[in-house]
Protein chains: 2
Amino acid sequence: MAPKLHLQIDDRSGVPVYRQMMDQFIYYVAGGTLRPGDQIPSIRELAAALGVNPTTVVKAYTELERAGFVEKRHGKGAFIAANAQALTTAEQEDALRRAAKQLAVEATQLHMSTPKVIDVVREELGALSTDRAADEAPVKFAVMNGGR
Amino acid sequence: MAPKLHLQIDDRSGVPVYRQMMDQFIYYVAGGTLRPGDQIPSIRELAAALGVNPTTVVKAYTELERAGFVEKRHGKGAFIAANAQALTTAEQEDALRRAAKQLAVEATQLHMSTPKVIDVVREELGALSTDRAADEAPVKFAVMNGGR
DNA sequence: CCGTGTGTGTGGCTGTCATCAAACAGCAGA
DNA sequence: TCTGCTGTTTGATGACAGCCACACACACGG
């Protein structure tokens with residue numbers, strides 16, 4: 001019912017928290033990890049785990065509901081909508097490309113070499129996959145508080 | 001005086017516009033493209049080029065001034081501060097790593113393969129460098145309006 | 001059958017911040 | 001001086017996120 005999730009919120013990014021949550025649920029549906037009917041964390045549980053206000057989670061779930069990805073049931077919980085449409089392949093690539101472009105722009109402005117950038121990307125990808133292997137909890141959360 | 005800049009604003013990202021501008025100026029200083037004393041685009045010029053309100057640019061420049069990167073001179077223009085400190089190598093790598101992590105999280109949630117991700121990153125890096133080669137204007141701007 | 005407890009989502013109110021719009025003020029060359 | 005550039009300031013609007021009290025659903029024990 002509840003596949004292994006790994007939600008990540010970056011406080012320093014400037015991206016609204018509710019939007020970060022939305023995106024990640026959508027990506028999980030697109031990638032097939034979350035399927036129609038699956039129960040997702042309750043508003044309070046997710047809020048507590050991420051250290052954000054329940055209202056913020058409400059906003060994310062409400063928007064996801066409007067978009068047809070999620071169904072909230074009073075007193076029961078929240079679920080992936082029966083007819084939640086996965087993103088098309090093109091849309092998935094678009095999403096990936098946007099993040100890649102962001103990275104490329106930064107790297108270019110910083111005068112970073114291509115191999116250096118590729119290295120870092122490889123590292124981060126690797127960190128996530130080993131992470132997932134060692135993971136036993138049904139749901140995992142992370143917050144990047146940032147340590148500047 | 002005015003090196004070739006290539007500022008990029010992504011409306012859909014959710015990141016405040018003034019913050020996107022700040023980051024990119026900082027990266028240009030860090031990478032050595034912008035050096036102390038260099039004049040940067042006037043508030044109105046930049047606002048017009050990016051299609052945002054001048055007040056937004058004011059906010060970016062004001063914050064950059066507070067951070068010691070920029071000096072505004074009434075009636076004259078805006079300049080890179082005399083003692084603008086480039087980021088340390090560690091800070092530069094941090095910035096790059098943050099963008100890479102963001103990409104990795106998305107890719108993982110979308111079930112994208114590592115080679116696929118690397119490919120896209122290579123593509124985007126390449127697109128930017130050829131872009132720069134063909135560029136003759138002293139300053140270049142781009143806005144990702146996004147076409148959802 | 002009913003009350004109570006614990007889970008769930010709902011809604012109103014408040015403070016802060018991002019953006020825009022428009023009016024204000026300094027600088028320099030014709 | 002006048003014109004056209006520059007940065008400066010103030011106010012309005014809407015988005016974001018936090019606090020707090022309320023309402024529904026279900027299971028349990030009387």
Residue A:Val52, side-chain atoms from C-beta onward, closest of C:dC20, D:dG18, C:dA25: D:dG18
Please step through side chain to side chain contact (heavy atoms under 4.5 Å, CB included) for the pair B:Ile9 and B:Val52, ending with a clear verdict. CA-CA 10 Å; B:Ile9 300 299; B:Val52 303; 5.5 Å; no
Atom [atom1] of [X] and atom [atom2] of [N]: how far apart are they, to the nearest Å?
X: A:Tyr18; N: D:dC16; atom1: OH; atom2: C1'; result: 8 Å
X: A:Asn53; N: C:dG9; atom1: CG; atom2: P; result: 14 Å
X: A:Glu71; N: C:dG9; atom1: CD; atom2: P; result: 13 Å
X: B:Leu46; N: C:dT19; atom1: CG; atom2: P; result: 13 Å
X: A:Gln39; N: D:dA25; atom1: CD; atom2: P; result: 16 Å
X: B:Glu65; N: D:dT9; atom1: CD; atom2: P; result: 11 Å
X: A:Glu45; N: C:dT6; atom1: CD; atom2: P; result: 18 Å
X: B:His74; N: D:dT8; atom1: NE2; atom2: C1'; result: 6 Å

Which is more 5' along DNA chain D, the nucleotide nearest B:Ile43 or the one nearest A:Lys59? Just name the residue. B:Ile43
Taking for each residue the nucleotide of DNA chain D with the nearest heavy atom, is it A:Pro16 or B:Thr55 whose nucleotide lies nearer the 5' end? B:Thr55
N/O donor-acceptor pair under 3.5 Å between A:Tyr18 side chain and A:Val58 backbone: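 No, A:Tyr18 side chain to A:Val58 backbone: no donor-acceptor pair under 3.5 Å.
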Identify whether any heavy atom of B:Tyr61 sits under 4.0 Å from a base atom; if not, whether one sits that close to sugar-phosphate; answer base, sugar-phosphate or nothing. nothing
Once you apply a heavy-atom cut-off of 4.0 Å, does A:Arg44 come out as touching a base, just sugar-phosphate, or nothing?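 Base, at least one base heavy atom under 4.0 Å.
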Let's go through A:Arg73 and A:Glu71 carefully: what are the C-alpha distance in whole Å and the side-chain angles of both, what is the deciding distance for salt bridge (charged side-chain N to carboxylate O under 4.0 Å, His left out) to 0.1 Å, and is it a yes or a no? CA-CA 7 Å; A:Arg73 299 188 204 136; A:Glu71 251 183 65; 3.5 Å; yes
Would you say D:dC5 has OP1 or OP2 under 4.0 Å from some side-chain N or O of B:Lys76?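 B:Lys76 to D:dC5 OP1/OP2: no side-chain N or O under 4.0 Å.
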Give a yes/no answer on whether the side chain of B:Lys72 brings an N or O atom under 4.0 Å of OP1 or OP2 in D:dT8.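 Looking at the OP1 and OP2 atoms of D:dT8, one of them is under 4.0 Å from a side-chain N or O of B:Lys72.
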One pair to check against side chain to side chain donor-acceptor pair (under 3.5 Å): A:Ser13 and A:Gln20. What are the steps and the verdict? CA-CA 10 Å; A:Ser13 70; A:Gln20 294 185 46; 3.3 Å; yes
Take atom CZ of B:Arg97 as the centre, draw a 6.0 Å sphere, and report whether it contains more than 12 heavy atoms from other residues, nucleotides or ligands. yes
